Amino acid sequence: MMMAAEGNTTTMNAPKKLLFVLRQAPYGSTLAKDALDAILATSAYEQDLSIAFIDDGVFQLINNQQSELIDQKNIARILSALPLYDITQLFVCAASLAERGITLGAISEDITVLEPEALRTLLSQQDHLLSF
Amino acid sequence: MSAILHIVNQSPFSSTLLKQCMDRFNNDDGLILLEDGVYGAMSQHPYAQNVRNIKRCYAIKNDLLARGISLDDISDSIQVIDYDEFVQLTIEFPLSHSWY
Amino acid sequence: MIFSLAIYSSLSAQSQDSAYQFAHALLSQGHQLYRVFFYHDGAYQGSFLPCPPQDETDYTARWQALAKMHNIDLVICIAAGLRRGILDQREAQRYEKAQYNLADGFTLSGLGQLVEATVQSDRLITFAR
Amino acid sequence: MKKGKQHNTKQLAGKNIDVDKEGYLRHLDDWSEGVAECIAQEEGIILTQDHWAVINLLREFYHTFDVSPAMRPLVKYVGIHLGKEKANSIYLLTLFPPSPARIASKIAGLPRPANCL
């Protein structure tokens, strides 16, 4: 139950469009996990929040991750909690999937696959890009 | 549709970062090469041709000179800038994305 | 224009210096730096314990000086700080550690501060690795 | 100067169990229903079936998703599993006063939340 009671110190204006761009594979560094922590925290602040998995970030979506074998939190399982945090705008880069020869595993039913043009449009419609 | 200022800090000789950035590049976007990213400004680098096609490509002067890269050795299409100009570009472009 | 910076880089990464150069340049142009948020390995910036040789840059001291001069909010993500052993007195007591090491001018706070910085700022620039 | 953690050991459910100074388990594996009863008692709470439903759900959330829930997802999860009428933060506050986030996770043997205030 982290970060439950934050955020009442400033008045927030109209929601901003924030896109987390996740480009990191899940376990080689903690960046992928840190990005998810930031996303879960952000979900408490009524912003227009979305996530795009691109490049090695798509490796976070592979099924059957057994991260306990390397003493790490399971990224795929954390991702499966996103709907409970009302995070529903999830996108993945079709080209990144194809290039790596992987099919969608975790949260596949909730995620929208975007061709390059559409991905590019998504990026340029934001107020801020949070690069992870 | 907002133009994006892409910021790249890894060498294209050791990382595919620059390629990944260029794959998402729009005509009206900008590219800043800094830190080891400035090796991407050298005319010999693997994507030199692509970078040449970018209208607005910039490299941080001090990062080039610190690495012994002569300003004569970089592609003609690349503008050499300082941090004041870097700040100006982040204002001119409504969005920035850091590739690292 | 209002800027915030997100810094994820460790002390060994040049991007640490780039972030400072950027902050310095934007302030000298009269823009506002609303917050610098240190996350991931950026949290190491907040320790006052590093002892670089006198002829090398003391990154932490440099941020402190800039913050003092321009009244900048230097925030370290508390979770990132705790993992990396960056504690203030309150957290040291809470976690029963005999020492604390958070440098003056920095504060430990939650990820909400990153969200709030993006909401309050016209530009968010990320420096990492 | 050199001082490690104070080893606060408590008699909980007939066993010596390491807790930190705010009463969180140092080793999450030490948790048992008996331990939960004891921690609850120290918080002035007698556990009823309603409490247990939430505690079990909290543990299930943690083990399913590998994170401790924030308030909002927990409320949502409660709604899915225990019914809509219980899906509100006041209900949780009534069960685990004064701070359901801290108290319930302590009793359920979850990691202490990072202090984000």
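Order of the sequence lines sets the chain letters (A, B, ...), proteins ahead of strands, with each chain counted from 1. Heavy-atom basis, side chains included; hydrogens, waters and symmetry copies ignored. Because the structure is a prediction, the values reported are computed rather than measured.
The shortest distance between side-chain heavy atoms of A:D55 and B:R24 falls below 4.5 Å. Side-chain contact check for A:V21 versus B:H97: some heavy-atom pair is nearer than 4.5 Å. Side-chain contact between B:L17 and A:R23 is present, with at least one heavy-atom pair separated by less than 4.5 Å.
In this structure, B:D23 CG and A:L119 CG are separated by 10.5 Å, a value rounded to the nearest 0.5 Å. If you take CZ on A:R120 and CD1 on B:I4, they are separated by 4.0 Å, rounding to the nearest 0.5 Å.
Looking at A:L31, only its side chain comes within 4.5 Å of chain B, counting heavy atoms on both sides. Contact annotation for B:T16: neither backbone nor side-chain heavy atoms come within less than 4.5 Å of a heavy atom of chain A. If you measure heavy-atom distances from A:Q24 to chain B, the contacts under 4.5 Å come from the side chain alone.
For the residue pair A:L123 and B:L95, the shortest heavy atom distance occurs at O-CD1, 3.3 Å. The nearest pair of heavy atoms linking A:F132 to B:Y100 is CA-OH, 2.9 Å.
Scanning residues 26-44 of chain B against chain A with a 4.5 Å heavy-atom cutoff picks out B:N26, B:D29, ordered by number.
Sparse packing is recorded around CD of A:E117, with 12 or fewer heavy atoms of other residues, nucleotides or ligands lying under 6.0 Å away.
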